[in-house]
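Labels below follow one simple rule: chain letters A, B, ... track the order of the sequence lines, proteins then strands, and each chain is numbered from 1.
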Amino acid sequence: MTDSKHLYLVDGSGYIFRAYHALPPMTRKDGTPVNAVYGFSNMLLKLLKDVNEGEAPTHFAVIFDAARKSFRNDIYDAYKAHRPPAPDDLVPQFALIREATNAFNVPAIEMEGYEADDIIATFATRARAEGWKVTIVSSDKDLMQLVSNDVSLFDSMKNRRIGAKEVHDKFGVIPEKVIDVQALCGDSVDNVPGVPGIGPKTAAQLIADYGDLETLLARAGEIKQPKRRENLLAHAYDARMSKKLVTLHCDVPLEDWTLDKLAVCSMEPEKLLAFADDNGFKALRARVVSHLGDGIPGTSLQEAETTEIKATNYSIVDQMADLERWIARIRDTGIVAVDTETTSLDPMRAELVGISLSVKAGEACYIPLRHRKSDGLDFGTDTLRQLPVKDALSALKPILEDPAILKVGQNIKYDMAIFANEGIRVHPIDDTMLISYVRDCGLHGHGMDELSELHLGITPTPFKDVAGTGKKQITFDLVPIEKAAHYAAEDADITGRLYRLLKPRLAEAGLLSVYERLERPLVPVLVDMERAGIKVDRAELSRLSAEFAEGMARLETEIHELAGESFNIASPAQLGHILFDKMDLKGGKKGKTGAWSTSADVLDKLAAEGHTLPEKVLSWRQLSKLKSTYSDALGKAINEKTGRVHTSFSMAITSTGRLSSTDPNLQNIPIRTPEGRRIRRAFVADTGNLLIAADYSQIELRILAHIADIDALKDAFAKGMDIHALTASQVFGVPMENMDPATRRRAKAINFGIIYGISAFGLARQLDIGRDEAKAYIDAYFERFPGIRTYMERTKEQAHETGHVTTLFGRRSHVSDINAKNPNLRAFAERAAINAPIQGTAADIIKRAMIRMPQALLDAGLPDIRMLLQVHDELIFEAPKDQVEAAIPVIRRVMEQATAPVLDLAVPLLVDVGTGENWDDAH
DNA sequence: GTGTTCACG
DNA sequence: GACGTACGTGAACACC
């Protein structure tokens, strides 16, 4: 019987990535950055130690990527194209990491033109042929295709082994078929195209049904769903190419590296210690001594240095004594990561269920408060073990409100609202979501799961794993406490880790002031606004709904009569068929999916030609929109307890720095048509109050005049001139007096176009004129205002060079496709780059005004005035009638002076203020 | 889940 | 000369 051999292959690049992002920047005495080297060394030492306690390897190697380019770029040049280049302070560490590997007496292997995964595949295949066992240390899903009876993956971070079963759980197919699935669904991270419209679920189903990719492509014509069939037929080439991209090469020419050269050599303490000393790794030295010195893996390692890779320790706090101990620890450290668990995403309807806290990486607790048994019999002897809510909250309140203790959260606005419901005003705070947003706006989302994956390499337990999904989903109070505790504690733990990682990087990038002066102080202001809500007249909304329904029914009958058949007017496909196939109207155009467009501008043109049916469809659509999106939906959004509507403002969604509003969206309430304004009239002031609407006049054009430094525009704003009329007179050479409204309208469109990064096509479409005519307008505009063109060119250049643009207050907006090869994508990005500093500066300005507003109103002796809504350039207030007149000048002053003292704008800001019983009248 | 349409700034 | 676009959002609905 031969000794069984076991080969371990470590995905070195994955280790580097995790090490780099898990540790704050560190430098050696000579200034060389070494955080990744240090993290990597620790991880490798831990791995070597751990595996020797379990299934000891006989052979061992660490595999690296040689360079960014591989043979895959010859197949498809966009492969991994939008991977950002390695950060500057990581580049010099690559060589050191190979040195580190060698210091452990472990071979470091790489090969020009191939990725680490291909080398791993090659060794794994060879070892299998010899009857060895293979363990690949990585969690990269691209390696899952290699799994078999003898080959498994090991995720050393989660201490989890991935075999054929786990692969099947993830991909829905056996490991051999993983590449077929990946070929279909593609991979946006690596830029593997796949087939459009097919995601992992569909791909797995198709491969399960047809056996493999080639059979599927050959029989694609049989697919029932037309869209899917077309896509499969049209993108067969992409699918085959994608398969080539994801298929790992198992014949990388590694002649020099025979398997026996990977045989394990024992570590040489001198060599390893010399490496540790060269790099100033004192803690590593200590660990090596403890590990190799007496041969027994130590338990007394220096904790502080190993927290990032240490196993987690989550506990349940259901005794006051335990809670007191946690509170004492928090007082000691002065900082705590907090997360709340509740019964709803809407803080105005949510009930607090439990609280989790963390003060150091890997350690967190969960305080269950209002869990119950699913049968509702949560009394008697069967009571769940949890602290009385009142006792726990009174113990925590001093901590949460203590000005010397920093509370860190992920989207802490939500938790603050929840605590506010319990009479606790959380302060001071920091927010990892906002830190990420300020740093990486435009690069990726800022949800916790995404940040955790990205920066820590940890996939948090999905919410659906504890609460279920769909019809069977339960509220968090019904989740068993043990399960809830792990989920909740993990969230607080991850929030803390993200905070320690990301907060220091804010200062490096010079973005600290944006975070500290623009985002963080806005959080409590938004909490108050959301909690205040706005009163909506429910009866009025139902009247409108009934009226709209009646109008729709009448129009529907007429439309069906005109069409000669009954069809679903709301279906663009059916409507397109009626208009352009059955009635054979001209002027139809097909979109990129090949469907007839039935958009308003198409129907408008048809109506203008005298066709009655499209005209009636337009009216029907308007009523349908108003009913379903507004009169019906807003009624349902009225909170039963407050009788008001409470939106949620998202602070980390937009790429420009604007807020957005959801559930419901109160930033798109109709105003442009009389019917629409009736919706707006249902937004009313409470009894004895009035609404005040204050909006910045032409703020974006004013900012443009300042940024591009256009004397003529600055002058016009200083004199209070009609800016669109001025543009009209300049571009069309007509006098300002007695301006023809149609000419002014064209000029207004040009002005908006400029802000949007104008194109002849866009302007032509907007004004419904020819491309040549639009081009002539634009040329004339730039002729008159050459500084605007200079600004645009300068901004694009900056975006191309740095990948981002900035606002006047230093906010950064990353422009992701700015250097794309696809000219269309690039042009899109360039327009976004031109727009972002203007839109973003306006957003910064109104945020500054909002932050100062509460104090300014207090200082003016007006404590009863509530700020309710923000709509990008407008603020809505509710004020007792007798205080309205006093409030107006305060509001106006704060808004108009919002750039001071940081920025002295070269144009005045002007704010229009109106008041009324309802939002429409306040305009 | 994706695409279309349309409400807002 | 072709590409196929005005910037930024969110919600409802149809259709897979």
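The side chain of A:Ser624 places no N or O atom within less than 4.0 Å of a non-bridging phosphate oxygen (OP1 or OP2) of C:dC13. Not one side-chain nitrogen or oxygen of A:Ser661 sits closer than 4.0 Å to the OP1 or OP2 atom of C:dG10. For A:Arg672, a side-chain nitrogen or oxygen approaches OP1 or OP2 of B:dG9 to under 4.0 Å. Between A:Gln870 and B:dG9 there is no side-chain N or O to OP1 or OP2 distance below 4.0 Å. Regarding contacts with the backbone of C:dT9, a side-chain N or O of A:Ser655 is found under 4.0 angstrom from either OP1 or OP2.
Rounded to a whole Å, the CD atom of A:Glu830 is 16 Å from the P atom of C:dA6. Rounded to an integer number of Å, the gap from A:Ile818 CD1 to C:dC7 P is 12 Å. Straight-line distance from the CD1 atom of A:Ile569 to the C1' atom of B:dT4: 17 Å, rounded to whole Å. In this structure, A:His872 atom NE2 and C:dT9 atom C1' are separated by 6 Å, rounded to whole Å.
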(request) Give the C-alpha distance, both sets of side-chain angles, the deciding distance and a yes or no for side-chain hydrogen bond (donor to acceptor under 3.5 Å, both in side chains) between A:Gln839 and A:Glu700. (result) CA-CA 7 Å; A:Gln839 194 185 109; A:Glu700 294 192 348; 4.8 Å; no

(message) ring-ring contact (aromatic ring centres under 6.0 Å, His included), that's the test. Do A:Tyr781 and A:Tyr777 meet it? Break it down for me.
(response) CA-CA 6 Å; A:Tyr781 183 92; A:Tyr777 291 178; over 10 Å; no

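On a pure distance criterion of 3.5 Å, a polar donor-acceptor pair joins the side chain of A:Arg831 and the base of C:dT5.
With C:dA6, B:dC8, C:dA11 as the candidates, the nucleotide lying closest to the side chain of A:Pro670 is B:dC8.
In this structure, the side chain of A:His235 engages the main chain of A:Asn231 through a donor-acceptor pair within 3.5 Å.
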